[in-house]
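See below for the structure under consideration.
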Amino acid sequence: MKNSNKRNVYLVGGGIASLASAAYFIREGIAGDHITIYEELEIPGGSLDGSGSPENGYVLRGGRMLNFSYVCTYDLFSFIPSLTDPKITVYEEIQTFNKKIKTHANARVIANGKIEDVTTMDFSNQDRLDLVEMMAVSEEYLGSKRIDDWFGEDFFKTNFWYMWDTMFAFQPWHSAVEFKRYLHRFIHEFERINTLAGVDRTPYNQYDSLVIPLIKWLHEQGVHFEMGAEVTSVDFTNFRGVEMVKCIHYIQHENEKEVHFGADDLLLVTIGSMTADSSLGSMQSAPKLITNKADGSWKLWHNIAKYKPQFGRPFIFDSRISESKWESFTVTCQGTDFFDLMEQFTGNVAGTGGLVTFKDSNWLMSVVLPHQPHFIGQPKAVTVFWGYGLFPDNEGNFVKKRMSDCTGAEIITELLAHLRYEDVTEQLLKNSNCIPCMLPYITSQFLTRTKGDRPEVVPEICQNIAFIGQFAEVPDDVVFTVEYSVRTAQTAVYTLLGLDKKPTPMYQGDHHLSVLFDAAKTLLT
């Protein structure tokens with residue numbers, strides 16, 4: 001590794017990929033005060049967000065789960081001190097929490113106001129053959145096929161599909177390659193998909209439990225955070241056939257600035273964003289659908305991609321909003337009335353139930369009631385839950401409007417009607433604040449693609465730049481996970497520093513006979 005005392009590292013984007021990269025650079029000997037993170041927003045964290053207040057309502061744009069197979073994520077947080085108890089690590093805190101609060105959903109799927117029996121997968125023999133064949137064929141063979149190019153129509157009516165697609169947010173038109181990767185990556189969860197017993201949770205939302213302690217540690221190491229700084233373009237120079245960054249341009253608080261690179265300096269860019277251009281509504285208003293790329297993440301990738309084909313094709317992912325959008329909502333309740341009703345209905349105390357999916361919902365709506373409090377500082381008298389609908393352009397079953405046109409109050413009304421709690425709707429509306437969120441690119445990383453659409457983390461033609469986050473290519477691993485972003489961080493750091501080191505080996509359940517045996521039993525139910 002070259003002299004780390006002279007080397008500067010610049011990271012574009014303040015999400016988990018950049019934060020993890022900074023942490024690994026420090027662990028490998030780069031001084032924290034030689035690392036700078038540029039973030040367009042005024043707060044870091046990227047898509048791992050959590051904000052709001054009990055008075056105005058909390059907001060979570062997304063909900064995330066962890067799993068023992070997230071080996072890169074757990075490696076990262078094995079050296080980050082806990083925010084609440086600095087004597088232990090974040091990883092140790094998560095493990096302790098999950099030993100205490102165990103997930104075992106009693107009401108994974110609901111239809112007609114009743115809990116469905118999902119102990120069987122509802123597969124036909126053809127479905128079983130199709131699944132096994134998909135796992136056996138190569139990604140090259142699948143190419144740009146959609147999931148519904150591979151499976152028959154009845155497959156999308158099985159218990160398996162309703163649980164798998166809402167657990168991971170797949171749609172029938174998404175990439176068959178990504179679906180295949182998930183089958184391999186999470187085959188160990190196949191036997192317990194109906195209870196979500198393999199899910200790990202953080203004690204609080206991921207912003208409070210993961211992002212804040214990581215940022216605190218980075219600050220303590222001297223890392224510079226340039227907030228409100230939108231990087232707009234990157235200048236390259238070609239030296240003996242190798243592309244090298246020579247300058248980045250950015251706008252901070254309406255001032256145009258630039259950074260010129262020394263010979264040993266490095267640049268890591270988070271390309272694309274699943275939460276770019278998100279829009280919030282309220283109890284009285286619906287969120288807007290923003291389609292003009294108001295945020296800078298996609299624009300920057302487009303600017304970089306013009307330079308070399310090896311830098312990917314962002315238009316594959318950001319030009320099909322109708323295929324990548326869905327809508328989430330966060331509900332802040334004064335009191336425990338709704339939580340009490342759900343505990344009575346499902347038999348699950350908040351934090352133990354995982355996703356509750358309404359199979360007959362035109363919006364394909366799901367909700368999850370996390371362990372409380374879900375935010376640091378959340379009052380005991382306040383409860384918070386989160387949900388989403390995969391089909392926001394469909395008319396509701398009870399509220400005869402598209403979900404995307406509904407106010408927060410109308411979303412709560414639709415939810416309570418599916419639970420057959422119409423008699424308490426008026427009271428719960430008085431005590432609840434539902435903030436809907438439209439997410440135009442939330443599943444864009446699942447869209448059909450071909451080789452080269454996503455750039456390699458460190459393209460062979462490059463020497464001092466890496467691409468990180470959900471839209472860089474990592475063979476075999478699965479997007480839409482914290483794990484994927486952290487793996488790109490490890491890959492980028494070890495490669496750019498020229499270390500004889502590889503990312504934490506991926507857990508491969510499909511290499512274990514016991515896992516395959518259990519999955520086969522589930523396949524036959």
Side-chain angles (χ1 to χ4, degrees), residues 8-23 25 32-53 56 58-62 205-208 210-235 245 247-261 265-280 287-288 290-304 314 318 435 437-441 465 467-471 485 489:
N8 295 305
V9 175
Y10 302 97
L11 299 126
V12 178
I16 187 63
S18 279
L19 300 175
S21 297
F25 273 121
D33 60 0
H34 283 237
I35 300 173
T36 303
I37 296 175
Y38 297 91
E39 169 55 49
E40 180 181 0
L41 302 177
E42 294 298 338
I43 58 171
S47 299
L48 282 178
D49 64 331
S51 60
S53 67
N56 299 317
Y58 292 103
V59 175
L60 296 161
R61 290 183 294 182
N205 66 83
Q206 285 81 32
Y207 185 77
D208 284 348
L210 300 180
V211 174
I212 292 181
L214 180 52
I215 291 172
K216 180 177 182 292
W217 185 81
L218 292 174
H219 274 299
E220 291 170 350
Q221 308 307 310
V223 173
H224 304 287
F225 285 81
E226 295 289 342
M227 308 310 298
E230 178 188 344
V231 177
T232 56
S233 62
V234 178
D235 294 341
V245 175
C247 181
I248 61 172
H249 302 268
Y250 67 101
I251 299 173
Q252 187 176 36
H253 305 139
E254 300 183 354
N255 296 313
E256 295 185 3
K257 301 180 180 181
E258 57 188 33
V259 176
H260 293 272
F261 278 54
D265 293 346
L266 303 174
L267 175 67
L268 283 73
V269 181
T270 302
I271 50 174
S273 169
M274 69 176 78
T275 52
D277 298 335
S278 58
S279 170
L280 300 179
K288 296 179 180 179
I290 300 172
T291 60
N292 64 349
K293 297 181 178 61
D295 291 347
S297 56
W298 290 104
K299 290 185 288 186
L300 175 62
W301 188 11
H302 275 278
N303 286 336
I304 294 174
D318 70 357
I435 300 177
C437 178
M438 180 59 71
L439 296 149
Y441 305 110
I465 184 173
F467 300 108
I468 55 176
Q470 297 293 304
F471 297 91
S485 289

Q: Kindly indicate, with the supporting measurements, whether the criterion side-chain contact (heavy atoms from CB on, under 4.5 Å) is fulfilled by T36 and N8.
A: CA-CA 8 Å; T36 303; N8 295 305; over 6 Å; no
Q. Yes or no on side-chain contact (heavy atoms from CB on, under 4.5 Å) for H302 and D318, after CA distance, side-chain angles and deciding distance?
A. CA-CA 10 Å; H302 275 278; D318 70 357; 2.6 Å; yes
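Between the OG1 atom in T270 and the CZ atom in F467 there is a gap of 11.0 Å [rounded to 0.5 Å]. Interatomic distance, I290 CD1 to M438 CE, rounded to the nearest 0.5 Å: 10.5 Å. A distance of 6.5 Å separates OH of Y58 from OG of S53, quoted to the nearest 0.5 Å. Taking OH of Y10 as the start and CG of L267 as the end, the distance is 10.0 Å to the nearest 0.5 Å.
The backbone N or O of G14 lies less than 3.5 Å from no partner atom in the side chain of S18, so there is not a single donor-acceptor pair. Although no hydrogens or angles enter the test, the distance criterion places no donor-acceptor pair under 3.5 Å between the side chain of D295 and the main chain of S297.
The shortest heavy-atom contact between T232 and N303 is O-ND2, 2.8 Å. In plain terms, the two heavy atoms of V211 and L48 that are nearest each other are CG2-O, 3.5 Å.
Ring geometry for F471 versus W298: interplanar angle over 60°, hence perpendicular rather than tilted (30 to 60°).
The six-membered or imidazole ring of F25 lies away from that of H34, with a centre-to-centre distance of 6.0 Å or more.
Legend: residues meeting side chain to side chain donor-acceptor pair (under 3.5 Å) with D49, ordered by chain and number and at least two apart, are R61.
Applying side-chain contact (heavy atoms from CB on, under 4.5 Å) to V9 and the options D265, I37, I35, V223 leaves one that passes, I35.
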